[in-house]
Amino acid sequence: MPATKGSAGKNGSKDNARQGEGTALVIVESPAKAKTIAGYLGRGYVVESSIGHIRDMPTKAAEIPAKYKGQAWARLGVDVDGDFEPLYVVNTDKKAHVKKLKELMAEADELLLATDEDREGEAIAWHLLQELKPKIPVRRMVFNEITKDAIRRAADNTRDLNTRLVTAQETRRILDRLYGYEVSPVLWKKVMPKLSAGRVQSVATRLVVERERERIAFTPAEYWDLKAVFDASGSGAPDGAGTFPAGLMSVDGRRVAVGRDFTSRGTLRSDRDVHHMDEQTARELAGRLDGAAFAVSSVERKPYRRSPYAPFRTTTMQQEASRKLGLSSKQAMQVAQRLYENGYITYMRTDSTTLSDSAVSASRDQVRRLYGGDYLPDKPRVYAKKVKNAQEAHEAIRPAGDTFRTPAETGLNGPEFRLYELIWKRTVASQMKDAAGESVTVRIEGTSSADEVAEFTATGKVITFHGFLKAYVEGSDDPAADLDDRERRLPSMEEGAPLKAENLEAEGHATRPPARYTEATLVKELEEREIGRPSTYASIIGTILDRGYVFKKGTALVPSFLAFAVVQLLERHFGNLVDYEFTARLEDVLDDIARGEAESLPWLRRFYFGGQTSGGESEVGLKELVGDQLSDIDPKEISSLPVPGTDILLRVGRYGPYLDRDGERVNVPEDLAPDELTKDKAEELFAQPSGDRELGTDPETGRTIVAKTGRFGPYITEVLEEPAEGGTKPKGKAKVKPRTSSLFKSMDLDTVTLEDALRLLSLPRVVGEVDGEEVTAQNGRFGPYLKKGTDSRSLETEEQIFSITPEQAKELFDKPKQRGRRAAVPPLRELGQDPASGAKMVIKDGRFGPYVTDGEVNASLRKGDEVDSLGDLRAAELLAERRAKAPAKKKAPAKKSTTTKSTAAKGTAAKKTTTKKSTAKKAPAKKTGEPRSSSQKTDES
DNA sequence: CAGTGAGCGAGCTTCCGCTTGACTT
């Protein structure tokens, strides 16, 4: 479609000016990239960035355009009953930017969408197309390395938009929205508000929880072996030097047990025929070998070879930055971002280990200069793609440019310097020769005084050519592990040479539970399971930390008890969704869609509404799981965890975790690691003093009065009996309830006095008789009130509880109960007329904060609205929104569950939808596998 | 997690992936 563009660059001229007049607007994703590319393209091109995605489904109610507010599906942003059509709005923070792009486009004669060549990039391009509505020719421009040649080639070889790829992205987006926005509310209802669930975060949380479960179930095993130090100097070795350590391998040909021979339950694996030694066996054997003669029984030499590690991608960089620089995932990404923006490194969010040709030659150039030609392989090394679902839109993370700056040449310092150095070394090393050397295994035999043949082994490693290890050695997550460049030298020995055991000792070991995840190892695990993307790894950690699903203990990620409850709920009721294979299967489907071999709709339908799987099994859809089957989820059950070996239950309550033993309860510190909650720990918690404040003794009863914090806030209560010292609980439960009372609002837990407390405990106060019935005054759930039989009246102030007279009480009871809010409270502010109703609008203060009303309709002020500055227009808008939404007026008498309510609501809304839609939609029968365009729901703003 | 007697104007929380500033503490 577009005219041919200048085939510039052949003569090496710096300018790649387009032929003819006019300019092309090139849109990439990142501003830093735009800057670089602008330099490569030269005149005739204007390069701007989209700054990531420009549109998405509305995040919250405030972002839903008014005309969709009444729709049942508006909350989801996906019209689930209308072929899962998504509703897109321009992100609030992108409105100005989109306007700018439109203005730039007005001056261009061609639009080149140069977003990344992956699923998300293709989608960004499509959204740009939808939003900018260009009238000039549009082409898709793609490249996956940012070098002058690659960019110029890309500008000359554009293609059309790949709509199948866009559909695949949209399917992914819709699925994630449905999962997140349907399952999270289940957690709000069953566990705690503000929690969240999602395809990625829930699996990440589950991984951490499962690891903790393994730790809880773990029983260590003890095993012993022998460690010897042999002296080879009498063996005729030329240097005569040396002693070396060796470990006992077998006794009478039977291998000595090591850690991996044991199960996590502390038992020996049944398939192992090994010699398991305890302390006594080991010590006695050591005794019998004392003074025995030893000799070398075999020497085995093998060549050692090690190839360099692939250049960094996001996850490997995060891991090494964690191991070597102590940076969290987030910190590593922030430092990398700064390096990227200032032109020191290539893009840091990538799943590719590929180097561009120019990067390869830059690396080789550095190798030659810094290490010499001996370290340079004949051919450049190519790294195969490591990651299964890699989309490879970018290069590996490497120093930027066609020639690399050494760390010293950059002038950087601090973490930027250290991370650059890491990246630089890793990149250069990736183009160096293998390390080579020799590994040696020596076996040594000796016979004990009881004629047992004990065989020891020692291993050595000698590196004769360091190759890439000269530049870079990868760190390890296990601090005890040997790094790749670690040498262990053994004296040279011949078979049959006699050895003297200098030292021979029994050594005890215990198996260890699997280590907790760190940020870096969790990210690694997620990548291996194809969960999450380079741009999100750091924020996944952030999310599960924010939600309180995990907390950090040093670098370890420890799951909270809350996480156990949430994971328990998801596993039992949404098993498919937290299946580790779920995302991997999703990726397959998305790939099929992208290739045009599968359709999006049937798949989404089955996910949401249920149906037959390809295997012919029937599957319950998400809609039913969060709807009709909601009542199957027992909050009590999913929030309970047994404390191993006890009849104590750990329960996750709205106010944190607590222990429950037959109704006796005690708080559990929020930062207690679940694997530390043993029987002993639980007993200790029950025994602990609760930390209540003692106010003194009630002179009348002699009981101690304490102030504590409870479910309903601060309160005081009396202590009925001294806790029996070390004794058992009193069995005969002739329970006398202690008197309790909430503090008045005017009181404070820290300052409340014994006098206050006694007054509170004296309640309810008998005010007197009214109409022949006794009236009492007390404090309750809704504040101070009077009670007369079954009738009641609220009081104005707490003090009235003590001061009100029978006469005043009678007056209150003579008046009917106040209905609605108290009359005659002046409005906070008066506004103008509501154009819709013609009534005067006022702002009032209510139970839920300020709201605007025209006398008929009430609407709360939203976030960002202020009483003082609210204008008439905004007020009218709020009222209009409220009207649009509510059937409000007369509600059917509230049935039992939320399910029935939502079904009813959906019924009416669905009707509206169909009438509206029949005009707007229907006609353009959607082509399968094509993204929606003509009937797109958008926020025309 | 202490324990009691209204009637009412709710609204909001949340997902995953792309990307940076512009704000305030």
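Throughout, protein chains are lettered first and strands after them, A, B, ... in sequence-line order, and every chain is numbered starting at 1. As a basis for the values below, the full set of heavy atoms in this structure was taken, side chains included, without hydrogen atoms, waters or symmetry mates.
- A donor N or O paired with an acceptor N or O is not found under 3.5 Å between the base of B:dA2 and the side-chain atoms of A:S741.
- Note that A:R661 lies in the cation-pi zone of A:F686, set by a 6.0 Å cut-off to the ring centre and a 45° limit from the axis.
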Summary of protein contacts for nucleotides 20-25 of chain B, nucleotide by nucleotide, where a base hit scores B, a sugar-phosphate-only hit scores S (4.0 Å, heavy atoms): S-----
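- One can place OH of A:Y608 at 17 Å from P of B:dC15, the figure rounded to the nearest angstrom.
- Between A:Y715 and B:dA2, a base-stacking contact is recorded: ring centres under 5.5 Å apart, planes less than 30° from parallel.
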Step-by-step side chain to side chain contact (heavy atoms under 4.5 Å, CB included) determination, A:R349 to A:Q337: CA-CA 9 Å; A:R349 293 187 273 260; A:Q337 174 91 26; 3.5 Å; yes
Intermediate values then yes/no, side chain to side chain contact (heavy atoms under 4.5 Å, CB included), A:Y608 and A:L175: CA-CA 9 Å; A:Y608 194 71; A:L175 171 107; over 6 Å; no
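- Distances shown here put every side-chain N or O of A:S860 at or beyond 4.0 Å from the OP1 or OP2 atom of B:dG9.
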Step-by-step salt bridge (Lys or Arg N to Asp or Glu O under 4.0 Å) determination, A:E774 to A:K788: CA-CA 6 Å; A:E774 187 180 83; A:K788 186 184 77 167; over 6 Å; no
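- Closest to the A:D176 side chain, of the nucleotides B:dC18, B:dC16, B:dG9, is B:dC16.
- Residue side chain A:R665 does not reach the base of B:dC1 through any donor-acceptor N/O pair under 3.5 Å, judged by distance alone.
- In this model, no donor atom of one side chain and acceptor atom of the other lie less than 3.5 Å apart for A:N144 and A:H394.
- Regarding A:N91, its CG atom lies at a distance of 16 Å from the P atom of B:dG17, rounded to whole Å.
- The distance from atom OH of A:Y537 to atom C1' of B:dT19 is 17 Å, rounded to the nearest whole Å.
- In this structure, A:R739 reaches neither bases nor backbone, as no heavy-atom distance under 4.0 Å exists between it and the strands shown.
- Both A:T536 and A:V183 lie near DNA chain B, and the one whose nearest nucleotide falls closer to the 5' end is A:V183.
- As judged by a 4.0 angstrom heavy-atom cut-off over every strand, A:A123 is placed among residues making no nucleic acid contact.
- Closest to the side chain of A:R172, out of B:dC15, B:dC12, B:dG17, is B:dG17.
- Under the stacking criterion of a centre-to-centre distance below 5.5 angstrom and an interplanar angle below 30°, A:Y181 sits stacked against the six-membered ring of B:dT14.
- When the P atom of B:dG7 is taken as reference, atom OH of A:Y785 falls 14 Å away, rounded to whole Å.
- Residue contacts shown for A:G52 include a base, since a base heavy atom lies under 4.0 Å away.
- Heavy atoms of A:L195 sit under 4.0 angstrom from primed sugar atoms or phosphate atoms, though from no base atom.
- Between the side chain of A:R177 and the base of B:dC16 there is no donor-acceptor pair of N/O atoms closer than 3.5 Å.
- Distance CD (A:E718) to P (B:dG3): 12 Å, rounded to an integer number of Å.
- If you check B:dA2, B:dT14, B:dC16 against the side chain of A:R75, the one that comes closest is B:dT14.
- Judged by distance alone, the side chains of A:R547 and A:S196 do bring a donor and an acceptor atom under 3.5 Å apart.
- A:R173 comes within 4.0 angstrom of a nucleotide base, judged by non-hydrogen atoms across all strands.
- Between A:S640 and A:R651, the shortest heavy-atom distance links the atoms OG-NE, 3.2 Å.
- Checking the phosphate oxygens (OP1, OP2) of B:dC18, a side-chain nitrogen or oxygen of A:R533 falls inside 4.0 Å.
- Atom NZ of A:K189 is separated from atom C1' of B:dT13 by 12 Å (rounded to the nearest Å).
- Contact annotation for A:S184: base contact, defined as any heavy-atom pair under 4.0 Å involving a base atom.
- Between A:T115 and A:I124, the shortest heavy-atom contact is CG2-CG2, 3.6 Å.
- By the ring-ring contact (aromatic ring centres under 6.0 Å, His included) test, A:Y179 is found to be paired with no residue, residues two or more places apart in sequence or in another chain being considered.
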Residues A:V200, A:T583; criterion side chain to side chain contact (heavy atoms under 4.5 Å, CB included); working and verdict: CA-CA 8 Å; A:V200 172; A:T583 294; 5.5 Å; no
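- With centroids closer than 5.5 Å and planes inclined by less than 30 degrees as the test, A:Y179 and the base of B:dC15 fail to qualify as a stacked pair.
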Side chain to side chain contact (heavy atoms under 4.5 Å, CB included) evaluation trace for A:L622 with A:F574: CA-CA 9 Å; A:L622 180 61; A:F574 300 90; 4.2 Å; yes
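- Distance from the side chain of A:K60 is smallest for B:dT13 among the nucleotides B:dC16, B:dA2, B:dT13.
- Contacts of A:T59 with the nucleic acid, taken as non-hydrogen atoms under 4.0 Å apart, include base atoms.
- Within 4.0 Å (heavy atoms only), A:G121 reaches no atom of the nucleic acid at all.
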Per-nucleotide pairing state of DNA chain B [Watson-Crick or G-U, under 3.5 Å; [ ] pseudoknot-crossing; | other strand]: .........................
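- Distance from the side chain of A:T543 is smallest for B:dC15 among the nucleotides B:dC1, B:dC18, B:dC15.
- Considering only side-chain N and O atoms, A:Q201 lies under 4.0 angstrom from the phosphate OP1 or OP2 of B:dC16.
- Nearer the 5' end of DNA chain B, as judged by each residue's closest nucleotide, is the contact made by A:S792, out of A:S535 and A:S792.
- Nearest heavy-atom pair across A:P86 and A:M57 is CB-CE, 3.7 Å.
- Among the heavy atoms of the strands, none lies under 4.0 Å from A:D791.
- The residue A:Q169 sits apart from the nucleic acid: no heavy atom pair falls under 4.0 Å.
- Atom P of nucleotide B:dC15 and atom CD1 of A:I64 are separated by 16 Å, given to the nearest angstrom.
- Between A:Q778 atom CD and B:dT4 atom P there is a gap of 9 Å when expressed in whole angstrom units.
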